[in-house]
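Below: one structure, written as structure tokens.
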Amino acid sequence: MFDYLIVGAGFAGSVLAERLASQSGKKILIVDTRPHIGGNAYDHYDDNGVLVHKYGPHIFHTNSLDVFEYLSHFTEWRSYEHRVLASVDGQLVPIPINLNTVNRLYGLSLTSFQLEEFFASVAEPKEYIRTSEDVVVSKVGRELYEKFFRGYTRKQWGIDPSELDKSVTARVPTRTNRDDRYFTDTYQAMPLHGYTRMFEKMLSHPNIKIMLNTDYREIQEVIPYREMIYTGPVDQFFDYRYGKLPYRSLDFKHETLNTPVHQTAPVVNYPNEQPYTRVTEFKYLTGQEHPKTSIVYEYPRAEGDPYYPVPRPENAELYKKYKALADETSDVHFVGRLATYKYYNMDQVVAQALTIYAKLAARSSWDPTVNGHALTTT
Ligand SMILES: Cc1cc2nc3c(=O)[nH]c(=O)nc-3n(C[C@H](O)[C@H](O)[C@H](O)COP(=O)(O)OP(=O)(O)OC[C@H]3O[C@@H](n4cnc5c(N)ncnc54)[C@H](O)[C@@H]3O)c2cc1C
């Protein structure tokens with residue numbers, strides 16, 4: 001008998017499997033429909049021997065010392081600060097928009113102070129910031145919004161930013177200095193030998209059994225377990241009772257090129273003409289040296305694997321109905337990006353899983369109904 005059936009071997013499922021096995025002595029079966037562990041963070045060596053991220057670039061960054069220290073048990077790190085260029089008006093300029101971006105784009109030599117004045121002169125103040133368009137236009141004005149954000153957001157989400165919740169573009173800052181880092185978190189690093197190696201170490205405990213290529217619904221009735229931790233899509237768990245929660249998906253087109261370097265930055269964004277949103281060159285992320293280089297193009301799609309919950313008020317309402325069902329299902333714990341229908345980064349999912357573990361551990365130390373000894377004696 002397994003103590004826990006964990007559905008999904010991404011960050012949410014793997015952190016919980018690791019903690020429950022190593023700290024609480026629980027027996028775990030972790031299943032995933034995919035043929036690999038790691039969830040969306042899975043990386044592997046492609047046919048040419050270049051380390052690539054199968055589901056698009058995954059950059060680790062966090063302000064949480066707890067999360068960073070926890071993951072450091074399973075990997076060494078390679079220091080890495082992410083930088084992105086955007087292809088606008090025939091030039092490659094840094095994004096987030098900063099002093100260099102504006103100066104290069106318009107052939108100016110403004111100072112930080114002058115850039116603040118420039119933004120103030122073009123910004124369209126809004127009394128109430130509601131949409132993604134409001135966020136940007138109220139900071140940098142309509143022209144920069146059109147060049148950098150409107151087309152990109154429409155491609156990515158299939159919706160005009162004027163109809164999309166403010167949370168989407170609020171993630172991208174605007175700066176008046178020359179700081180061109182994409183993230184400013186305290187800890188920014190990549191797992192030295194890749195994410196999959198890190199997951200392998202997390203799941204290597206003898207109490208953890210892994211079953212790949214398996215939908216939990218195939219084994220749920222035949223393999224006994226006490227409780228479930230579910231990290232798949234919450235609407236799927238309830239057989240889409242209230243309808244499907246909308247997601248955006250992506251097609252990834254991977255390519256290997258017969259040249260050591262392809263582009264001048266780890267990621268180049270294409271806000272306008274192209275059907276893809278961005279191109280990533282993995283060797284910048286991984287630090288690998290190789291005579292060839294591998295890149296990936298991302299094409300946003302309405303259908304396909306669920307990647308991004310679509311942040312619109314009606315979707316939040318629909319999720320609330322599923323959350324109410326989830327709250328009533330007391331022997332299943334819903335954790336992670338898909339199960340809570342939230343746009344979480346990896347570190348946030350790790351933090352969420354560690355919190356849930358702390359709750360389970362505190363509870364199982366006194367609750368006889370989830371304690372294996374009590375069950376076997378009644
Ligand atoms: C393109 C892209 C880029 C990203 N870039 C970054 C980044 O740079 N930095 C960052 O911090 N975060 C990034 N993220 C977010 C990151 O991927 C997530 O935070 C993280 O992977 C979430 O982990 P999870 O365990 O919640 O979900 P997942 O990794 O999605 O794992 C859930 C697993 O459950 C499995 N599953 C689902 N249903 C079933 C079922 N019925 N039976 C069995 N198994 C099932 C799935 O196959 C999946 O493997 C990115 C996400 C995407 C899509």
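Note that the coordinates shown come from a computational prediction; the quantities given were computed from them, not determined experimentally. We number each residue from 1, following the sequence as shown. First listed ligand is number 1; within each ligand, the first listed atom is number 1.
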Quiz item: Going by the order shown, which atoms of ligand 1 are within less than 4.0 Å of some heavy atom of Gly10?
Solution: 25 (O), 29 (O), 31 (O)
Extract all donor-acceptor atom pairs below 3.5 Å that involve side chains of residues 193-200 and protein atoms in other chains or at least two apart in sequence.
from   : atom 1 : to    : atom 2 : distance (Å)
Tyr195 : OH     : His58 : O      : 2.8
Tyr195 : OH     : Phe60 : N      : 3.4
Thr196 : OG1    : Asp43 : N      : 3.0
Thr196 : OG1    : Asp43 : O      : 2.6
Thr196 : OG1    : Asp43 : OD1    : 2.8

Quiz item: Which bit of Val349 is near ligand 1, meaning a heavy atom under 4.0 Å away: side chain, backbone, both or neither?
Solution: side chain
Exercise. Compute the minimum heavy-atom distance from Val335 to ligand 1 and say whether it is under 4.0 Å.
Key: no
Quiz item: What residue and heavy atom of the protein are closest to atom 21 (O) of ligand 1, and at what distance?
Solution: Asn40 CB, 3.8 Å
Practice problem: Would you mind checking which non-hydrogen protein atom is closest to atom 20 (C) of ligand 1, with the distance to 0.1 Å? | Solution: Met346 CG, 4.3 Å
Self-check item: Side chains of Ser294 and Thr256, donor plus acceptor under 3.5 Å
Solution: yes
Quiz item: Evaluating non-hydrogen atoms only, which member of Tyr343, Tyr344, Tyr308 is closest to atom 2 (C) of ligand 1?
Solution: Tyr308
Exercise. Considering the heavy atoms of Tyr216, write down every atom of ligand 1 situated less than 4.0 Å from one of them.
Key: 40 (C), 41 (N), 42 (N), 43 (C)
Quiz item: Quick one: which ligand 1 atoms are inside 4.0 Å of a heavy atom on Thr231?
Solution: 32 (C), 34 (O)
Exercise. Say whether Tyr230, considering both its backbone and side-chain N or O atoms, lies within less than 3.5 Å of an N or O atom on ligand 1.
Key: no
Practice problem: Give a yes or no on whether the ring-centroid distance for His53 and Phe282 is below 6.0 angstrom. | Solution: yes
Quiz item: Would Arg312 and Glu314 pass as an ion pair if we require N to O under 4.0 Å?
Solution: yes
Exercise. Check if Gln236 has a non-hydrogen atom at a distance under 4.0 Å from any atom of ligand 1.
Key: yes
Quiz item: Which heavy atom of the protein is the closest neighbour of atom 25 (O) of ligand 1, given with residue, atom name and distance?
Solution: Ala12 N, 2.9 Å
Quiz item: Between Asp165 and Ser167, does any side-chain donor sit less than 3.5 Å from a side-chain acceptor?
Solution: yes
Practice problem: Find all atoms of ligand 1 within a distance of less than 4.0 Å from any non-hydrogen atom belonging to Tyr307, and give their numbers and elements. | Solution: 53 (C)
Quiz item: Quick one: nearest non-hydrogen protein atom to atom 8 (O) of ligand 1, plus distance?
Solution: Ile59 N, 2.7 Å
Quiz item: Is atom NE2 of His44 surrounded by more than 12 heavy atoms (other residues, nucleotides or ligands) closer than 6.0 Å?
Solution: yes
Exercise. Could you tell me how the ring of Tyr80 sits relative to the ring of His82: parallel (under 30°), tilted (30 to 60°) or perpendicular (over 60°)?
Key: tilted
Practice problem: Using a strict 4.0 Å cut-off to heavy atoms of Val7, name the atoms of ligand 1 that fall inside it. | Solution: 39 (C), 40 (C), 42 (N), 43 (C), 44 (N), 45 (C)
Quiz item: Taking side chain as C-beta onward, heavy atoms only, is Thr293 less than 4.5 Å from Pro260?
Solution: no
Quiz prompt | Numbering as shown, the atoms of ligand 1 that approach Tyr55 to under 4.0 Å (heavy-atom distance) | solution = 1 (C), 2 (C)
Self-check item: Between Glu218 and Thr214, a side-chain donor and acceptor under 3.5 Å
Solution: no
Self-check item: Side chains of Asn258 and Lys292, donor plus acceptor under 3.5 Å
Solution: no
Self-check item: Closest candidate by heavy atom, reference atom 46 (C) of ligand 1, pool Asp305, Val15, Asn213, Asp32
Solution: Asp32
Quiz item: Does some non-hydrogen atom of Ala339 fall short of 4.0 Å from ligand 1?
Solution: no
Quiz item: Considering only protein heavy atoms, which is closest to atom 34 (O) of ligand 1, and at what distance to one decimal place?
Solution: Gly8 CA, 3.3 Å
Exercise. Over 60° means perpendicular and under 30° means parallel, so classify the ring planes of Tyr247 and Tyr341, tilted if in between.
Key: perpendicular
Self-check item: Residue Leu250 vicinity, atoms of ligand 1 by number, heavy atom under 4.0 Å
Solution: 1 (C)
Quiz item: Which residues satisfy the side chain to side chain donor-acceptor pair (under 3.5 Å) test with Glu255, sequence neighbours excluded?
Solution: Lys253
Quiz item: Counting each atom of ligand 1 from 1 as listed, which ones have a heavy atom of Arg34 under 4.0 Å away?
Solution: 47 (O), 48 (C), 49 (O)
Self-check item: Heavy-atom proximity to atom 14 (N) of ligand 1, best of His58, Gln220, His36
Solution: His58
Practice problem: Write out the residue and atom name of the closest protein heavy atom to atom 36 (N) of ligand 1, then the distance separating them to 0.1 Å. | Solution: Thr33 OG1, 4.0 Å
Quiz item: Salt-bridged, Asp180 to Arg83, with N to O below 4.0 Å?
Solution: yes
Self-check item: Lys/Arg N to Asp/Glu carboxylate O, Arg34 vs Asp32, below 4.0 Å
Solution: no
Quiz item: Does the separation of the ring centres of Phe238 and Phe334 fall below 6.0 angstrom?
Solution: yes
Self-check item: Contact check: Arg278 vs ligand 1, nitrogen or oxygen atoms, below 3.5 angstrom
Solution: no
Quiz item: How far is atom 5 (N) of ligand 1 from its nearest protein heavy atom, and which residue and atom name does that atom have?
Solution: Pro57 O, 3.1 Å
Quiz item: What is the nearest protein non-hydrogen atom to atom 27 (O) of ligand 1, stated with its residue, atom name and distance?
Solution: Arg337 CB, 4.5 Å
Quiz item: Hey, is ligand 1 close enough to Leu338 that some N/O pair sits below 3.5 Å?
Solution: no
